[in-house]
Protein chains: 2
Amino acid sequence: MAAPKELLDWIDASAPAFITRLSEAVAIASISGDPAYRPRVLEMSNWLNKQLKAVGVITKQVDMGKHIMDGQTLELPPVVLGRIGEDPKKKTVLIYGHFDVQPASQSDGWATDPFVLTEEKDGRLWHHETQTPLPVNLVFCFEGMEENGSEGLDELVEKEKDGWFKGVDCMCISDNYWLNTRTPALTYGLRGLVYFKITVSGPGRDLHSGVFGRMVHEPMTDLISLMSRLVAPDGTILIPGVDDMVSAADNEEREIYARLDYSVADVDSSAGATSSITLSEDKVQTLMGRMRMPALSLHGIEGAFSGPGAKTVIPAKVAGKFSIRLVPPQTPDKVEPLVKTYLESEFAKLGTKSKLEIELLHSGKPWLADWKHWNFAAAIKATETIYKRTPDLTREGGSIPVTLTFAEQLGVNVLLLPMGRGDDGAHSTNEKLDKSNYIEGTKLLGSYLYEVGAIAV
Amino acid sequence: MAAPKELLDWIDASAPAFITRLSEAVAIASISGDPAYRPRVLEMSNWLNKQLKAVGVITKQVDMGKHIMDGQTLELPPVVLGRIGEDPKKKTVLIYGHFDVQPASQSDGWATDPFVLTEEKDGRLWHHETQTPLPVNLVFCFEGMEENGSEGLDELVEKEKDGWFKGVDCMCISDNYWLNTRTPALTYGLRGLVYFKITVSGPGRDLHSGVFGRMVHEPMTDLISLMSRLVAPDGTILIPGVDDMVSAADNEEREIYARLDYSVADVDSSAGATSSITLSEDKVQTLMGRMRMPALSLHGIEGAFSGPGAKTVIPAKVAGKFSIRLVPPQTPDKVEPLVKTYLESEFAKLGTKSKLEIELLHSGKPWLADWKHWNFAAAIKATETIYKRTPDLTREGGSIPVTLTFAEQLGVNVLLLPMGRGDDGAHSTNEKLDKSNYIEGTKLLGSYLYEVGAIAV
């Protein structure tokens, strides 16, 4: 059953109010990865809880306890659980989202304050305003630690499997992107992640390179040498056993990638590059790099000189950050020991007196779903109604580790229904969301619920 | 002639006033390498000019024009020139110093605000207060861009060679350190410097490693690979021709290092290390590493993720900073093309589509003086009077490029007369100056002028 026209018209009319609400959320800098911003993540949990209650959702804020980050004991942001509708004759759809964000500041190159959006007015849930019955029962789970390892969520899902999440028939997560700027997509796979911090130390404090240069072992020299042994410029992961774990694609699988609405030029365009930056000129190879191959990225170094200008320092303690995106059959448990063994063995080869410490900051398994399930069928139908196009069926390069947790614990089909375009710039400077994607995407989500409600299983 | 006892007593009595004046200077964060702090460097030029005038020095603030740093056009801090005494029967000693500092902040690990010193009261020049004649004529040259390449100073020295600096007989610079914490030192050599910034770029903005990982060339991967090819963990410079330029020490030269009051443990102690961090266990080898060998240090990376926590970013544009300390016969002119050719050739081997830009941020030649000159003899005698010890005769690992400029342009002997100890932590967190070194060092500088005045040449 398609969504009522009244709903779609109401969404169009409410666009300014939706944008106001979004701007309120954007203004709360809920950066879970930085201890200084933890109070804002807690504030975000409260804000979201209030929003849900205002439209009639029954909620529960779950105390997640405390954890230690960068040597500080911090309160974990409460997970917000919600329910609306208890009709046993209707399907129950679980909606997951996260309300924490990545670090961002204008000094990173944002053209405007990343935590200010500019639009105004107020919004209310349609069914709540008009007393129209919902086509399904809804269950919500919103967490505030997704960008930093979803601490405690696995345990919560396991605990509430037969409690808050009892009776869930399928799940929908809207937390990824179209492949391009043209074609809506549904996503049935995600890469996993292991994120490492490797700390090299020696002197008791930063040293002057004139006074100490060529007298002492320099932690930066050791760290840079170690980091250079992780990944080759062509993307090959140099840690023995990591790339090898993944079998090559057969012709049938390559056909799937060949069919997608995508060109290598889309990569350059969505990356804002003025000339080609892709590892391959081949469309299928490029798509496989993102969707079915592991990837190792070097993110940066903490503790070294990172400002503008010239500083002649030998940093005393430097920490390299890197992560590996994982694909089946890789798991953090299988990959972590390979990484540690290799790093320790390569570090020993350096013959340095510096000390090495290896930490796994967070991790998540990769995930693959059955895209022939009725949950996907409903989403395909809704997409065709709203966008008048058949969606691309994609695997994503990013990680939402809890996707797998929900899929495994609840035993239900999980659908990723992206709202944004491939050029939104996720986790990057000047990240954006097109207004049309926000509004049409809202219609799509509403229509999807009607299609789920109409499916006879 | 030894300094009058009245002078030494007066210095002791004036210690609190000297400390007050020092604290005023420390409070002015005159960081020449950061565009945001440029007004403070100009303020420092004015403060120093005022101090000199207050004690009867004739001064001139020299407009050095403008320059471009990090894309901004900035006013260069005026050089402060000074003269006191015009007696043709006396020697004329040129004193050089710089009033700019390195970047520093508590977030780097300083235990207290680096720009606050805690002592109080006021001070005046002894000769000015008591109308005692000076034993020599003094000429001063104080600049505010030493930490950032001494922009424009070479030209000024050349221009004023037969002007402000006419008649200078010798020169003294107090801008380095004892070898250890026990024995005063006089320094007759300095290493030179070439400081490079190598920028690797590709995407138009920072990317999400999940979305783009293994699809695109990552500038960090390329930069880290390039930086790892510059220096080995044992300190060997991997750029062909750089280490080779320097001939090995013969036995006679090794004897000089063997005589110095120094142990390998002094290195660890002054670096605040809790276990050994030296490249060699041998004292002579360690001293040669600092005094007569080039050194390449990797300082850091601008543009990558450098904060705490975990951020899954592919930085769009990253700039590695490194420098090489040079020793005779190396010069920036000889070394720069070796570095550029090597970097370009190694970068080409990466097979990446990223772009490389190489900039020489600043440079200075190394310097060696004749330590058998009467200028050194005067300083040795003064040291023996004040500290009751024969000073170590050292070469320094750091760079004060203008030393060579003055030596070459004015054709006079230059002496480096350090005030601080080897554990002061120059350019590092919690940098300090022992009060006894400040006050005894002041007596030493005064005594040195009397000894210079007494020498018949």
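Letters A, B, ... mirror the listed sequences (proteins, then strands); counts begin at 1.
Interface remark: of the candidates B:Val318, B:Val267, B:Asn430, B:Leu287, B:Val267 forms the most heavy-atom pairs closer than 4.5 Å to chain A. Highest contact tally toward chain A, considering only B:Leu207, B:Thr352, B:Ile31, is held by B:Leu207 [criterion: heavy-atom pairs under 4.5 Å]. Interface remark: of the candidates A:Ser225, A:Pro294, A:Ala36, A:Pro294 forms the most heavy-atom pairs closer than 4.5 Å to chain B. When each of A:Gly320, A:Ser306, A:Ala304, A:Gly303 is scored by its heavy-atom pairs under 4.5 Å with chain B, the top score falls to A:Ser306. The candidate from B:Gly397, B:Gly351, B:Ala271 with the greatest count of non-hydrogen atom pairs under 4.5 Å with chain A is B:Ala271. Here B:Ser297 is the residue among B:Gly398, B:Ala273, B:Ser297 with the most heavy-atom pairs under 4.5 Å with chain A. Your options are A:Ser228, A:Ala319, A:Ser275, and the one with the most heavy-atom pairs under 4.5 Å with chain B is A:Ser228. Contact tally against chain B (heavy-atom pairs below 4.5 Å) for A:Ser32, A:Ser276, A:Pro35: the top residue is A:Ser276. Among B:Ser280, B:Gly272, B:Gly213, the residue with the largest count of heavy-atom pairs under 4.5 Å with chain A is B:Gly213. Here A:Val216 is the residue among A:Asp70, A:Thr286, A:Leu230, A:Val216 with the most heavy-atom pairs under 4.5 Å with chain B. Residue with the most contacts toward chain A among B:Gly422, B:Gly202, B:Pro203, B:Gly33: B:Pro203 (heavy-atom pairs, distance under 4.5 Å).
In this structure, chain A has a heavy atom under 4.5 Å from the side chain of B:Lys355, while its backbone stays farther away. Of the atoms belonging to B:Met69, not a single heavy atom falls under 4.5 Å from chain A. In this structure, chain B has no heavy atom under 4.5 Å from any part of A:Ala316. When heavy atoms are compared at a cutoff of 4.5 Å, B:Ala232 approaches chain A solely by way of its backbone atoms N, CA, C and O. Heavy-atom distances place the side chain of B:Pro315, and not its backbone, under 4.5 Å from chain A. Both the backbone and the side chain of B:Ile237 come within contact range of chain A, with heavy atoms under 4.5 Å apart. Looking at A:Ser354, neither its backbone nor its side chain comes within 4.5 Å of chain B, counting heavy atoms on both sides. Heavy atoms closer than 4.5 Å to chain B are found in the side chain of A:Leu361, but not in its backbone. Contacts of B:Arg191 with chain A are made by side-chain atoms alone, with heavy-atom separations under 4.5 Å and no backbone atom involved. Only the side chain of B:Ser323 comes within contact range of chain A, with heavy atoms under 4.5 Å apart. Residue B:Glu147 touches chain A through its backbone alone, counting heavy-atom pairs closer than 4.5 Å. Of the atoms belonging to B:Ser201, not a single heavy atom falls under 4.5 Å from chain A.
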- Task: In sequence, state the C-alpha distance, the side-chain angles, and the governing distance for B:Leu298 and A:Ile301, and then conclude on side-chain contact (heavy atoms from CB on, under 4.5 Å).
- Result: CA-CA 12 Å; B:Leu298 306 174; A:Ile301 295 173; over 6 Å; no

- Task: I would like to know whether B:Gln102 and A:Thr312 meet side-chain contact (heavy atoms from CB on, under 4.5 Å); could you show each step before the answer?
- Result: CA-CA 9 Å; B:Gln102 286 271 325; A:Thr312 51; 4.0 Å; yes

- Message: Quick one, B:Ser209 with A:Arg325, criterion side-chain contact (heavy atoms from CB on, under 4.5 Å). Give me CA distance, side-chain angles, the key distance, then yes/no.
- Response: CA-CA 8 Å; B:Ser209 67; A:Arg325 300 281 165 179; 2.8 Å; yes

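The side-chain heavy atoms of B:Thr278 and A:Lys353, taken from C-beta on, include a pair separated by under 4.5 Å. Using a 4.5 Å heavy-atom threshold, the side chains of B:Glu218 and A:Ile277 count as separate. Counting heavy atoms from C-beta outward, B:Leu279 and A:Met215 have side chains that stay 4.5 Å or more apart.
Within 6.0 Å of OH on A:Tyr257 lie more than 12 heavy atoms contributed by other residues, nucleotides or ligands. Atom OH of A:Tyr262 has more than 12 heavy atoms from other residues, nucleotides or ligands within 6.0 Å.
Judged by distance alone, with hydrogens and angles left aside, the side-chain atoms of B:Arg205 form a donor-acceptor pair with the main-chain N or O of A:Ser270 at under 3.5 Å. Looking at A:Lys321, its side chain never comes within 3.5 Å of a backbone N or O of B:Ala310 through a donor-acceptor pair. Listed for the A:His299 side chain is no donor-acceptor partner under 3.5 Å among the backbone atoms of B:Phe305.
Taking the charged nitrogens against the carboxylate oxygens, B:Asp243 and A:Arg214 do have a contact shorter than 4.0 Å, which makes a salt bridge. With respect to A:Lys311 and B:Glu302, no salt bridge is recorded, no charged nitrogen being found less than 4.0 Å from a carboxylate O.
In this view, B:Glu151 satisfies the salt bridge (charged side-chain N to carboxylate O under 4.0 Å, His left out) rule with no residue, not counting sequence neighbours.
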